[in-house]
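As structure tokens, the structure follows; a few thoughts come after it.
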Amino acid sequence: MSERLRIDPAHLIDASAALLGRLREHPPLVQCITNSVVTNFTANALLAIGAAPAMVDIREESGLFAGIAGGLLVNLGTPAEEQRDAAREAVAAASVAGTPWVLDPVAIGALPVRTALAHELVASRPTAIRGNASEIIALAGAGAGGRGVDAADSTDAAADAATSLALAHGSVVAVSGPVDLITDGRRTARIANGDALLTRVTGGGCALGAVTAAFLGASRDAGAAADGSTDAALLADPFVATVAATVVYTIAAELAASRSAGPGSFAVAFLDALATVAPADVLDRANVTVTDAAASAIASAITEPTTATAGA
């Protein structure tokens, strides 16, 4: 868990723009163990943003590859037996190599195979966990999941579950919704960008998990090249990288929606927007707010009235 507790929206937005530039200058290799429904869209999204996708998801190869990848996505959307074994192998290797990895617990809660696997994998302390509100609540053991892959809960309803998961596993937790919520248990960002058309395209959420892995890979490279400055340390922070991924992704959705007539044209325009979204767009359009657990506790202590209890 990062010790850099205090961060403001301006720093997050500046860092998001800088990480986008760094990702394109030094494209990370992103291994995707993902579901069969979204493989093509996910690979294209990574290519568009500037990363290099590798869909290495079989036993005896996934672990080898995770050790050399810049980032890893484990998405549980269609968890066939071989892919389950490949996920375990890749996560173990990533943990040894220090490869940042993202767990996307798709549709867990009522479905027993993927739910058990999600709980098994989260114990390996993913760098980031990305899901909708119902998936995050179910992973925290506080709910039964949503309606298939769709959320039945609001983002704010998942805030406590997200914080609990983050603190328990040392992960950054990203909850997708109309306003995205991202927390490391001590700092929480809310991102009010995006467009509803993103929910009308298969793979919109799953591809964000892969893009998050790409930004985490770019962030790790920034950390390796750090010169000890505050800016370099900020770019190497997984919380900042996870926020940056969502900021860039949702701004691209806005840009795509502005020139789309519906879901079909949006899907194509979105890939174009991922390829053309620029750091200047991030600086101009990002809508980010931040709360800090320490600051919130101080504010609460100041504003809440003191209640005296009479002795017996």
Side-chain angles (χ1 to χ4, degrees), residues 2 4 7-30 42 44-53 70-71 100 102 127-128 130 172 174 176 179-180 182 184 187 189-195 197-198 204 207-260 266 268-290:
S2 172
R4 295 180 294 279
I7 190 169
D8 62 40
H11 284 120
L12 269 180
I13 292 167
D14 288 346
S16 296
L19 276 173
L20 173 60
R22 183 168 185 86
L23 185 154
R24 288 177 173 158
E25 290 171 5
H26 306 280
L29 178 62
V30 181
T42 298
N44 283 337
L46 284 170
L47 287 169
I49 199 69
V102 178
T127 314
R130 192 224 70 85
V172 180
S176 295
V179 176
D180 297 283
I182 298 171
D184 64 358
R187 301 166 294 181
R190 286 177 169 80
I191 302 164
N193 290 104
D195 191 273
L197 280 172
L198 195 56
L208 175 55
V211 170
T212 300
F215 271 84
L216 287 167
S219 173
R220 183 182 68 161
D221 289 345
D227 58 6
S229 69
T230 300
D231 288 346
L234 192 66
L235 296 183
D237 187 334
F239 172 75
V240 173
T242 305
V243 170
T246 296
V247 165
V248 171
Y249 196 84
T250 53
I251 288 174
E254 291 178 349
L255 295 171
S258 70
R259 48 182 181 263
S260 302
F266 174 81
V268 175
F270 182 56
L271 292 177
D272 289 342
L274 284 173
T276 58
V277 62
D281 295 314
V282 174
L283 297 175
D284 182 55
R285 302 178 70 105
N287 187 351
V288 179
T289 58
V290 180

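The first residue in the sequence is number 1, and the count goes up from there. Keep in mind that the numbers below use all heavy atoms, side chains included, and drop hydrogens, waters and symmetry copies.
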Heavy-atom donor-acceptor pair, Asp281 side chain to Ala278 backbone, under 3.5 Å: yes
Thr212 side chain vs Leu208 backbone, donor-acceptor pair below 3.5 Å: yes
Leu20 versus Pro279, closest heavy-atom pair with distance: CD2-N, 3.8 Å
Steps toward side-chain contact (heavy atoms from CB on, under 4.5 Å) verdict (Leu216, Thr242): CA-CA 7 Å; Leu216 287 167; Thr242 305; 4.0 Å; yes
Approximate separation, where rounding is to 0.5 Å, of Asn287 CG and Ile13 CD1: 8.0 Å
CD on Glu25 to CG on Asp221, rounded to 0.5 Å: 11.5 Å
Working for side-chain contact (heavy atoms from CB on, under 4.5 Å), residues Thr127 and Val172: CA-CA 6 Å; Thr127 314; Val172 180; 5.9 Å; no
Closest contact, heavy atoms only, Ala214 versus Pro28: O-CG, 3.4 Å
Minimum heavy-atom distance Ala241-Leu19, with the two atoms named: CA-CD1, 3.8 Å
Contact summary for Gly70 and Arg220, nearest pair of heavy atoms: CA-NH2, 3.8 Å
Heavy-atom pair with the smallest gap, counting every atom of Val179 and Arg190: CG1-CB, 3.9 Å
Rounded distance (nearest 0.5 Å) linking atom CG of Leu234 with atom CG of Asp14: 9.0 Å
N/O donor-acceptor pair under 3.5 Å between Asn193 side chain and Arg285 backbone: yes
From Ile49 atom CD1 to Leu271 atom CG, the distance as rounded to the nearest 0.5 Å: 10.5 Å
Donor-acceptor contact present, side-chain Tyr249 to main-chain Gly209, <3.5 Å: no
Residue pair Phe239 / Ile182: nearest heavy atoms and the distance that separates them: CE1-O, 3.5 Å
Listed partners of Arg259 passing salt bridge (Lys or Arg N to Asp or Glu O under 4.0 Å), at least two apart: none
Check against side-chain contact (heavy atoms from CB on, under 4.5 Å), Val248 and Val211: CA-CA 9 Å; Val248 171; Val211 170; over 6 Å; no
Trace of the side-chain hydrogen bond (donor to acceptor under 3.5 Å, both in side chains) decision for His11 with Asp8: CA-CA 6 Å; His11 284 120; Asp8 62 40; 3.0 Å; yes
Separation of Phe266 CZ from Asp272 CG (nearest 0.5 Å): 11.5 Å
Residues forming a side chain to side chain contact (heavy atoms under 4.5 Å, CB included) with Ala210, sequence neighbours excluded: Cys32, Thr42, Leu46, Leu73
Donor-acceptor contact present, side-chain Thr246 to main-chain Val243, <3.5 Å: no
